[in-house]
Amino acid sequence: MSDSSRYQPQAIEASWQRAWQQHGLHETPALEPGEQGFYALSMFPYPSGNLHMGHVRNYVITDVVARVQRLRGRKVLHPMGWDAFGLPAENAAIERGVDPGAWTDQNIASMRSQLDQLGLSIDWQREVATCHTDYYRWTQWLFLQFLEAGLAYQKDATVNWDPIDQTVLANEQVDSEGRSWRSGALVEKRKLRQWFLKITDYAQQLLDDLDQLDGWPERVRTMQANWIGRSTGAELQFEVITAEGQPTGERITVFTTRPDTIFGATYVVLAPEHPLVAALTALEQQLSVQAFCDLVSRQSEQERTAEDKPKRGVPIGSQVRNPATGELIPLWIADYVLADYGTGAVMGVPAHDQRDFLFARQYELPVRQVIIPEGSDEHAFEGGAWTEAGVLIHSGRFDGLPSGKAKVAITAAAEAEGWGQERVQFRLRDWLISRQRYWGCPIPVIHCDSCGVVPVPSEQLPVELPRDVAFSGKGASPLAQLDSWVQVACPCCGKPARRETDTMDTFMCSSWYFLRYSDPHNTQLPFSRSAVDAWLPVDQYVGGIEHAILHLLYSRFFTKVLRDRQLLSCDEPFTRLLTQGMVQGVTYKNPNSGKYIPPGEVADPTDPRDPISGERLETFFEKMSKSKHNGVDPASVIDRYGADTARMFILFKAPPEKDLEWDDADVEGQFRFLQRLWRLVEAAVERGLNLADGAGSPEAVGVALASAQQGGGLTQADAALRRAVHTAIAAISEDLDGDYQFNTAVSELMKLSNAMGSVLAESSDVFACEALRNLVILLAPFAPHLAEELWLKLGGRTSADALHSSSVHRQRWPQSDASALVRDTVPLVIQIKGKVRGSLDVPADADKATLEQLALTSEIAAKWLEGKAPSRVIVVPGKLVNLVP
RNA sequence: GGGAGCGUGCCGGAAUUGGUAGACGGACUCGACUCAAAAUCGAGCGCCUUCGGGCAUGUGGGUUCGAGUCCCACCGCUCCCACCA
């Protein structure tokens, strides 16, 4: 075989990529008024400079979705951009003295060229980078919208301080062990004046509207609902009484979900940070309270919330009056009460709350049972809290009420008597957006001694990041140290004032990028309402599960705020969400030393040994990472097999939402499949088949079918071929509707090619052309370069045709012809008492009675029924007959 | 502790939603071609079997003519949330 007839992806992919680009094949068509476009979106990457397999999987999935929609005649928006602010650029500046902007732009260029090699149908005309002024001026503009709406505010806050990155972190950026999501450092507590967005104003909507999102994975919706964390209960007020018995006039407000247990409250606990602690501490308790508060403030979140940690606290001397019983009960502070949830104060009901119980036992506080199990006089309370609902006792006029009714009755009584009210509480906190870093979007406000916080007038936007900055990596933000930038005249009164030196959390920048794509070059607004309403919401969003809470929740919040500001119309930004699984690599680990061994150093994968010690290695699949040496570089795969093989492999190897095990042998197998397709087409070309002038099109096939009808029907080979083709069309179309099942879609392509391999040679030209035409179009979304090349080889277009109309990617998705699936006889399964005993070929149109007769008179029946008549016969037409003796 | 999900050959995974379990691919075995190897093509490939068949979708029950699929209990794994009052 000569070289020119071999499948060499390297020889075709780059040139097709260039041709598509030159002919603008992926540019977004303009929508007619009222026309519904299709918006396919991948989560945009941070431009680290290196494309990894996780990116590849993400973008390939979205690309297939976009390409299928185009073939189905939809106008598609498929953009890409860069989440380009963030710490790595600043770290590079500190470590290597490079300019963060230049460093980022270089990375963008390099990643973009890697992306281009994948053959993605991205409209690069709409590219955005969050660190460019033409983008971030609008991030600033949007911040001012929040400020104007009263949704952005400053407050002193105990914040998470990352001692390594020298910055404040949002709650969401601190993991369960109290470590920074980025640096891994144990987070400290500091009190600083910070900017917040009032996401809590939208808590209820963000929760309610999850119900609309039936195109989202259930678990993402559940995670968001948990994060928002709505609970209903009551705020109850406890009058403060000094140690000497005098009312102070103050009241402690607690939040509880169990107002029905109020009669069992035997003490009240404040968070150590509660603002009333100092005022209510009795003289003789001051030393111990001070010592305790110091101790708690030195603890990390992790130490404080460790599960098995004993609860600790001290009494502060004052008392409060239980509003239900009138009793005086002690006031404590304890480390298990959190300052920033609820009211920072809880009532202690040891009999009915496990934490309260442990605390009371430790400090010998009284335990009073006020709930017993329904329908029982027994004490369910046995050395642990009884936390279930039940019936009230020792609760005065509420005795005998079940918990549910008691909650309502007691809350109503509290409201009537002025010591409480119903209250809905959310776990969600306001979003802390200030960052004490340089490489972020500057917060566009000016602090003036006379005028206070003054927004930078929108015509002065953007507030540009200064470029002449020294990076030491120590102390405050570089911006704060740059007097020439900080010192500014107040826009309001003209007196000397100071710029805000904090920058925004990068999640701010990524909370609206999908809106900008609809109108990326607008210089008057972040986007026009007509453009954003024409394209939004995103029809299909694809990205990693790691953004299930953060990015997706913030984006939903932004969308709702901007809707309320009349800037756009939709309630939710993302109609359908696909969270793709991780890409895992073969990982070798020495179980004794714990060391990870690069696969290149393992001589025999069937008996993996440590190259130095010879010890047997553990082999497993795990998420690709540098430290585990289990990464596979996309560039090397493309070099060796081409992008189409990589794409097909990723789509075929696992369903999109499941983890994918990268296996070189399987990649090789995928490459072989594409080679088989190539040879199949080569053979067809040699035979003289050509798709020019509509050969094999539905019209041409229709004519051929009509004349075959006159001449006594199709040959067996033609009928078999048509059945294979139209089965594949139906199956693949279904796999790409609703839930995306790319893995089975690819397997259907394989089946079709297998079938064509065996019958194409005996088929007549017109049906062979029909098969080839459909095969190549069905292949196009998955392996776009190969499909385009095969299309050209087959004469689907000639090199003289204009690519932008005659490309395989501009064809129409085929329709399955139901008549091709019809067969004369079908196999009928014969079951005896539910067990399969054989099958018969029966006429496809046989009715139930005929099928029953055929089954009863079959040899299978004779053999298994031994002459007895069955007591029951179940006939499922087209499937089976079950004979029950 | 609360929530979500999952258990199918040697492996990744299919299964028209209650109707022939194991599609498709990988690995492996045999054969053809070759001096040989690779590639390619063909065949086989759940387990047991006295070759009639029997047993098989984590385990044990149940519903049904019929269960991987539905119900109950249990076992195991994964992910998310969690001193949230």
Side-chain angles (χ1 to χ4, degrees), chain A residues 1 6 176 217-227 229-231 233-234 254-258 261 269 271 304-311 334-338 340-349 352-356 358-359 387 425-429 545-546 548-549 606 621 648-649 652-655 657-670 672-673 675-676 679 730-731 734 741 743-754 757 827-839 863 870-876 878-885:
Chain A
M1 223 183 261
R6 271 182 35 218
S176 57
E218 185 60 41
R219 71 173 178 140
V220 174
R221 291 198 281 172
T222 308
M223 282 162 69
Q224 291 216 352
N226 288 342
W227 189 261
R230 183 183 199 271
S231 55
V254 305
F255 173 70
T256 178
T257 55
R258 295 292 306 272
T261 64
V269 199
R304 190 162 165 189
T305 61
E307 200 172 339
D308 46 358
K309 192 185 142 301
K311 288 146 188 35
D335 56 359
Y336 79 93
V337 178
L338 308 175
D340 53 358
Y341 183 75
T343 60
V346 302
M347 61 182 198
V349 186
H352 304 294
D353 181 281
Q354 189 59 24
R355 290 160 312 197
D356 294 346
L358 294 173
F359 188 74
T387 57
Q425 182 67 41
F426 292 95
R427 210 180 66 92
L428 184 71
R429 322 286 169 86
I545 186 74
E546 67 272 18
I549 297 172
T606 59
F621 282 92
M648 294 284 284
F649 167 76
F652 176 63
K653 177 74 181 179
E657 64 285 348
K658 287 192 70 171
D659 289 348
L660 182 151
E661 298 177 354
W662 190 276
D663 182 337
D664 289 339
D666 283 344
V667 180
E668 190 79 44
Q670 202 57 240
R672 285 201 295 263
F673 171 60
Q675 289 175 306
R676 272 201 297 281
R679 286 195 298 269
E734 196 183 311
Q741 297 181 294
N743 54 332
T744 50
V746 174
S747 88
E748 291 297 333
L749 282 172
M750 291 170 169
K751 281 191 213 172
L752 175 57
S753 112
N754 290 346
L828 180 76
V829 169
I830 308 298
Q831 292 185 340
I832 309 295
K833 210 183 162 204
K835 285 208 186 301
V836 178
R837 294 303 179 186
S839 73
K863 176 178 171 190
S871 65
R872 201 169 161 190
V873 179
I874 290 109
V875 182
V876 185
K879 294 233 158 64
L880 54 79
V881 174
N882 187 7
L883 306 174
V884 186

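In what follows, chains carry the letters A, B, and so on, assigned in the order in which the sequence lines appear, proteins first and then strands, with residues in each chain numbered from 1. The model shown is predicted, which means the values in this text are computed figures rather than measured ones.
Side-chain proximity of A:Arg427 to the nucleotides B:G25, B:C84, B:C24 is greatest for B:C84. Among B:A23, B:A82, B:A15, the nucleotide with an atom closest to any side-chain atom of A:Trp227 is B:A82.
Aromatic pair A:Trp662/A:Phe649: centroids less than 6.0 angstrom apart.
The local environment of CD in A:Glu657 is crowded, with over 12 non-hydrogen atoms from other residues, nucleotides or ligands closer than 6.0 Å.
A sub-4.0 Å separation between OP1 or OP2 of B:A4 and a side-chain N or O of A:Asn226 is absent. Close to B:G54, at under 4.0 Å from its OP1 or OP2, lies a side-chain N or O of A:Arg837.
As judged by a 4.0 angstrom heavy-atom cut-off over every strand, A:Pro827 is placed among the base-contacting residues.
One can find a donor-acceptor pair under 3.5 Å joining the base of B:G19 and the side-chain atoms of A:Gln831. Side-chain to base pairing of A:Arg429 with B:C84: one donor and one acceptor N or O lie within less than 3.5 Å of each other. Put simply, the side chain of A:Asn882 and the base of B:C65 share a donor and an acceptor less than 3.5 Å apart.
Pairing for B:G7 is with B:C75, a Watson-Crick or G-U wobble pair whose two hydrogen-bonding atom distances lie under 3.5 Å. In this structure B:U16 sits in no base pair that meets the Watson-Crick or G-U test at under 3.5 Å. Within the shown strands, B:G44 is the pairing partner of B:C28 under the Watson-Crick or G-U definition, both distances less than 3.5 Å.
Against the 90° criterion about 0, the sugar-base torsion of B:U64 places it in the anti range.
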